[in-house]
Amino acid sequence: MAGAGMAALGSWVPHQRWGREAVFLGFHHGLSTLLARKSEWTPRWVPACRPKSSVFFLSRPDLSNMAYKKLKGKSPGIIFIPGYIYNMNGTKALAIGEFCKSLGHAYIRFDYSRVGNSDGNLQECTVGKWRKDSLSIIDDLAEGPQILVGSSLGRWLMLHAANARPQKVIALVGIATAVDDLVTQFNQLPVEVKKEIEMKGVWTMPSKYSEKGVFDIQYSFIKEAEHHCLLHSPIPVNCPIRLLHGMKDDIIPWHTSIQVADRVVSKDVDVILRKHSDHRMKE
């Protein structure tokens, strides 16, 4: 993920002397263009921008407190939206933080409510509540235009955020897009299995990415998620979009990224497939 992801993100970070909030260099120039100009840029970077080790909390009326870390810097800012029940200390979140630090750009990573250091009970989480979490970060913490980087389920939430805040979200980078996927997978189960899950109240989904070997997904989570599905109609997001997906992803098929590219109304959309990458794209 590091090479492809940083290149996609790098294609939108501006050269400081251009004096613009966001300059699109084109994906294929991306990181190689940035690195080629490193010696010219060096004096212009902001060395004082260092990641804070402390965890801060965003207090919200009638909503649980959210844990976050914020790196101050120039525009556009970057916000990382993690995958299902992942926290802000994952490999991708940290790698993007180092990338933003090297260029002097603002960066925010956070834990969804009921995940990581944030308050709440995980069993009460929903896609709708995490959507509100993402919007709280954009509204209450982010300054100026933002590029959203979403991983897996975070890509689903990122599209919702871009639709809700079009004046502030100027570009999207999606990693292993999981739009509508939990609902889609659930609906593909045999009828008797779905009835059993409904009775138990929990869907025990096998996963090699969980320490327990399974994800216990509340039936209520799946039913609530149905209200936030996007692929059934055009997705009214107009900003530039880059979708990265591994062709060996055994959790979310790469065809989902193609579906998203087809559904969004934006004309500036690239899908980048990594032939030998899996869901995490950690290589």
Side-chain angles (χ1 to χ4, degrees), residues 1-14 22 25 27-38 41-42 45-47 49-56 67-112 115-117 134 137 141-142 146-155 157-158 171-178 209 240-246 248-249 251-252 257 270 272-283:
M1 172 266 169
M6 295 304 100
L9 184 55
S11 63
W12 286 305
V13 282
L25 302 177
F27 175 79
H28 298 291
H29 296 287
L31 189 59
S32 60
T33 302
L34 296 174
L35 295 177
R37 297 180 178 179
K38 183 175 180 180
W41 283 27
T42 303
W45 288 356
V46 184
C49 293
R50 303 181 186 278
K52 298 179 180 180
S53 58
S54 300
V55 175
F56 294 89
Y68 71 92
K69 291 190 177 184
K70 184 176 182 179
L71 174 69
K72 292 183 178 180
K74 60 189 177 183
S75 290
I78 315 297
I79 299 175
F80 181 75
I81 305 180
Y84 178 74
I85 70 173
Y86 280 95
N87 61 40
M88 60 180 162
N89 295 317
T91 304
K92 298 179 186 68
L94 297 177
I96 295 170
E98 288 301 312
F99 180 75
C100 291
K101 176 187 174 185
S102 72
L103 296 180
H105 279 266
Y107 177 55
I108 300 173
R109 51 192 171 106
F110 66 96
D111 288 342
Y112 297 120
V115 175
N117 289 307
S134 302
I137 295 296
L141 293 179
Q146 301 293 314
I147 298 173
L148 307 186
V149 182
S151 177
S152 193
L153 182 136
R155 180 66 180 97
L157 297 171
M158 184 168 57
L172 303 176
V173 178
I175 306 165
T177 301
Y209 301 111
I241 301 171
R242 302 294 175 263
L243 304 176
L244 315 177
H245 216 125
K248 294 188 181 299
D249 190 332
I251 303 297
I252 312 296
S257 287
D270 286 345
I272 301 97
L273 299 178
R274 301 279 296 174
K275 185 174 181 178
H276 297 292
S277 294
D278 62 11
H279 186 64
R280 285 188 171 178
M281 302 185 76
K282 290 183 69 174
E283 80 290 345

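The analysis underlying the following values was restricted to heavy atoms, covering all of them including side chains, and did not include hydrogens, waters or symmetry mates. Nothing here was measured: the structure is a model prediction, and the numbers come from that model.
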Any [X] side-chain heavy atom under 4.5 Å of [Y] side chain:
X	Y	answer
L141	F110	no
R109	L94	yes
R155	I241	yes
V55	K69	yes

Can a donor-acceptor pair be found, under 3.5 Å and without considering hydrogens, that links the side chain of Y107 to the backbone of G73?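 Such a contact is absent between Y107 side chain and G73 backbone.
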Nearest heavy-atom neighbours spanning [X] and [Y]:
X	Y	result
A176	I252	O-CG1, 4.4 Å
L172	M158	CD2-CG, 3.3 Å
A93	F80	CB-CD2, 3.6 Å
L153	A178	N-CB, 3.7 Å
A106	C100	O-SG, 4.3 Å

Salt bridge or not between D278 and K248? Use side-chain N to carboxylate O under 4.0 Å. no
With S134 via side chain to side chain donor-acceptor pair (under 3.5 Å) - residues at least two apart: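 Applying side chain to side chain donor-acceptor pair (under 3.5 Å) to S134 gives none.
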Separation of [Y] [atom2] from [X] [atom1] (nearest 0.5 Å):
X	Y	atom1	atom2	result
I272	L244	CD1	CG	5.0 Å
S151	L157	OG	CG	11.0 Å
L273	D249	CG	CG	11.0 Å
I147	R242	CD1	CZ	10.5 Å

Only counting residues at least two apart or in another chain, list the ones meeting side-chain contact (heavy atoms from CB on, under 4.5 Å) with A142.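 In terms of side-chain contact (heavy atoms from CB on, under 4.5 Å), with neighbours along the sequence ignored, A142 is linked to I79, I108, Q146, K168.
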